[in-house]
Each structure stands twice: as C-alpha cells, then as structure tokens.
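Structure record follows, encoded as structure tokens.
Note: hydrogens, waters and symmetry copies are ignored here, and every other heavy atom, side chains too, is used. This chain uses plain numbering: 1 for the first residue, then up along the sequence.
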Amino acid sequence: MKYKRILLKLSGEALMGDKNYGIDPVRLQQYTEEIKKVRDMGVEVAIVIGGGNIFRGVQAESSGMDRVQGDYMGMLATLINAMALQSALEQGGMYTRLMSGIKIESVCEPFIRRRAIRHLEKGRIVIFGAGIGNPYFTTDSTASLRAIEVEADIVLKGTRVDGVYTADPEKDPTATKYRTISFQEVYEKNLNVMDMTAFTLCQENNLPIIVFDMNVEGNLKKLVEGEEIGTLITSL
Ligand code: UDP
C-alpha cells in the first residue's frame, strides 16, 4: 500500500445523500464499506467529518445570529455526524474512538495528540469531532491540523467531484481536470481546494492532499494502493 496512515476528510453535506437535510443511512453504509476495505488492508485511518448538512456558522451569521455562537453550533453539528459515523463503523465490525475538540466527557474523549496516535497504532479508527474546538475555523482546517499532528501521510478529501479542475466543472463544460498540481499553482490560479487556512497549513508542512470522488465505489482503496485517482496536490 502507498499510504500507511491517512486522514480522510468527508463533508457533512455528502452524508445527506439524496436527502435535503440530515443523514442518509444508505450513504453512511456506503462510506462504512469503503472505509472497511482500507482498514482491512491494515491502513491506519483518521477521519474528520463536516457539519454542513446540519448547520454552518456563516449561515447563522447571515440570518443575524452571533457568528461565534453559530460556529459552536456548527462544531456540535460535526459531532452529531461523527457519532453517526462511529456507530456505523462499529456496526461494520471496526474499532473506533471519537475524539472531540470541545470537551463533552460523557460522549467522547477529548483530543489528546499522543492518545490519538496510540489509537491509530492499535488499529482503531479515530474520528475527530467538533472541529478544532475554536470558532472561525472549518473542518478542512481541522483535517489539515489533525493530519499534521498525528503525522498522517496524506489528507484524502472526499468530495462529489473527482478532482481539481481548471474551472468549476458543474458550470463550465470546457473545464479540465488536473492529475497533479503544486500548492503554488493552486494558489496562483485561485483554485478551490480547501479554505486558505487549511490549504496553507498543508503547504507549509509539506502534507500532500488528494481531492477525489468518495461516492465512486472502490476509489478510496485504489487511492491507498497508489492508483492515480482524483487530483494530487504536492509541493512538487
Ligand atoms: N466549525 C468551527 N470550527 C472548527 C470546525 C468547524 O467553527 O474548527 C464550524 C463552522 O461554523 C463550520 C461548521 O462548524 O461552518 C461546520 O463545518 P464545515 O462547514 O467545515 O462542514 P462541511 O462544509 O465540511 O460540511
């Protein structure tokens, strides 16, 4: 296998599947199966999941709510998704630990770096819930930061598009996909990969990112085996 320890970033919106809100059990099941395939290979798996299917801080702000309050609500939303995912993974026969950026002691462990690494070494899937625990961040920044902290080999950003394009492929039919691109080029061309905080963290710490379509069966496993899927972003 090409990657021994991965950080998989899933968006909250992806969990909605075909629904307009909340969590689609079918999608959850699909993700569980995909994750099991790589876990069975012996890959150490850390996961960050977003909360956009339930709540986003910026939305709250536009409707007049205090931004920070909204961000904390967003963080709690990610924890709900994380709990659903944890439960699905355990039903799928995997060992998991949920670590939260905000202390919620009766539900999960707080994030402690050394402990997270130990869990991974023991083959447990570690889900990082509640983001970094601070407002004004996103789960993309959480994915970058936690990946660096637990020394993951790569951030795998599972989305519904199959990579980074020259323009938005849903709007521009002439858009073409990059197989590989440097951090610098993404920056110069202002391509949308992650928010800047998350992106810069990866760049400065030389942590490669792969953007790929998580909804295609087998993609995650192929990636871990070294197949060229999606777009690889590196320092080059
Ligand atoms: N959030 C935050 N700090 C963090 C992570 C998340 O404040 O460290 C809040 C923020 O309001 C964000 C929301 O949680 O909008 C949900 O996360 P995100 O939008 O990243 O989810 P996704 O788009 O991946 O579903």
Side-chain angles (χ1 to χ4, degrees), residues 6-16 46-63 65-82 100-102 111 127-150 152 154-172 175 177-178 180-214 230-236:
I6 60 170
L7 191 138
L8 176 64
K9 163 75 205 313
L10 301 171
S11 79
E13 270 172 2
L15 270 197
M16 286 195 296
I47 304 174
V48 169
I49 183 148
N53 54 324
I54 303 174
F55 200 85
R56 271 216 177 90
V58 271
Q59 275 163 9
E61 195 181 29
S62 61
S63 62
M65 192 189 280
D66 176 61
R67 167 71 194 260
V68 173
Q69 184 83 342
D71 277 344
Y72 278 112
M73 290 170 74
M75 287 183 250
L76 294 179
T78 72
L79 208 56
I80 290 177
N81 286 336
S100 172
I102 300 176
F111 171 71
I127 308 171
F128 298 118
I132 288 165
N134 288 101
Y136 298 103
F137 287 91
T138 62
T139 48
D140 276 351
S141 350
T142 311
S144 307
L145 179 64
R146 295 292 187 244
I148 295 161
E149 287 180 289
V150 302
I154 189 142
V155 174
L156 300 177
K157 183 169 161 145
T159 63
R160 57 200 172 92
V161 275
D162 63 347
V164 180
Y165 281 75
T166 49
D168 184 347
E170 285 171 0
K171 290 179 191 141
D172 183 349
K177 191 178 94 182
Y178 294 99
T180 315
I181 187 167
S182 68
F183 285 108
Q184 192 58 30
E185 207 176 337
V186 168
Y187 181 74
E188 279 164 10
K189 297 201 163 122
N190 205 8
L191 300 170
N192 191 14
V193 172
M194 287 177 164
D195 63 79
M196 269 337 263
T197 312
F199 184 78
T200 312
L201 261 176
C202 289
Q203 182 175 24
E204 284 177 352
N205 292 280
N206 235 327
L207 175 69
I209 308 165
I210 294 178
V211 178
F212 74 106
D213 188 346
M214 179 68 188
T231 300
L232 171 68
I233 303 141
T234 58
S235 305
L236 287 184

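Minimum heavy-atom separation, Leu207 to Ala147: CD2-CB, 3.6 Å. Considering all non-hydrogen atoms of both residues, Gly57 and Asp71 come closest at CA-OD1, 3.4 Å. Closest of all the heavy-atom pairs between Ile6 and Ala152 is C-CB, 4.2 Å. Nearest heavy-atom pair across Tyr165 and Leu191 is O-CD2, 3.4 Å. Between Val161 and Pro169, the shortest heavy-atom distance links the atoms CG1-CG, 4.1 Å. Here the closest heavy-atom approach between residue Thr139 and residue Val48 is recorded as O-CG1, 3.5 Å.
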Show me, pair by pair, the donor-acceptor contacts under 3.5 angstrom made by side chains of residues 198-205, not counting sequence neighbours?
from: Thr200; atom 1: OG1; to: Met196; atom 2: O; distance (Å): 2.6
from: Asn205; atom 1: ND2; to: Leu201; atom 2: O; distance (Å): 2.8

Under 3.5 Å, which donor-acceptor pairs do the side chains of residues 128-136 form with other protein atoms, sequence neighbours left out?
none

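Side-chain polar atoms of Thr138 and Ser141 form a donor-acceptor pair below 3.5 angstrom.
Atom CD1 of Ile127 sits about 12.0 Å away from atom OG of Ser100, to the nearest 0.5 Å. The line from CD1 of Ile154 to CG of Leu8 is 11.5 Å long, rounded to the nearest 0.5 Å. With values rounded to the nearest 0.5 angstrom, Leu15 atom CG is found 8.0 Å from Ile54 atom CD1. Taking CD1 of Ile49 as the start and CG of Leu79 as the end, the distance is 11.0 Å to the nearest 0.5 Å.
Counting heavy atoms from C-beta on, the side chains of Leu76 and Tyr72 never come closer than 4.5 Å.
Applying the side chain to side chain contact (heavy atoms under 4.5 Å, CB included) test to Glu188 and every residue at least two apart in sequence or in another chain returns Gln184. Partners of Asp168 according to the salt bridge (charged side-chain N to carboxylate O under 4.0 Å, His left out) rule, which considers only residues two or more places apart in sequence or in another chain, are Lys171. The side chain to side chain contact (heavy atoms under 4.5 Å, CB included) test applied to Asp213 returns Asp162, Asn215, Val216, Asn219, not counting sequence neighbours.
Ser235 places no side-chain N or O within donor-acceptor distance of the main-chain N or O of Asn206, the cut-off being under 3.5 Å.
Partner Thr231 forms a side chain to side chain contact (heavy atoms under 4.5 Å, CB included) with one of Thr180, Ile181, Ile210 and no other, that one being Ile181.
Sorted by first then second residue, the salt bridge (Lys or Arg N to Asp or Glu O under 4.0 Å) pairs that include residues 136-148, not counting sequence neighbours, are Lys9-Asp140, Asp140-Lys157, Arg146-Glu149.
In the displayed structure, Arg160 atom CZ is contacted under 6.0 Å by at most 12 heavy atoms of other residues, nucleotides or ligands.
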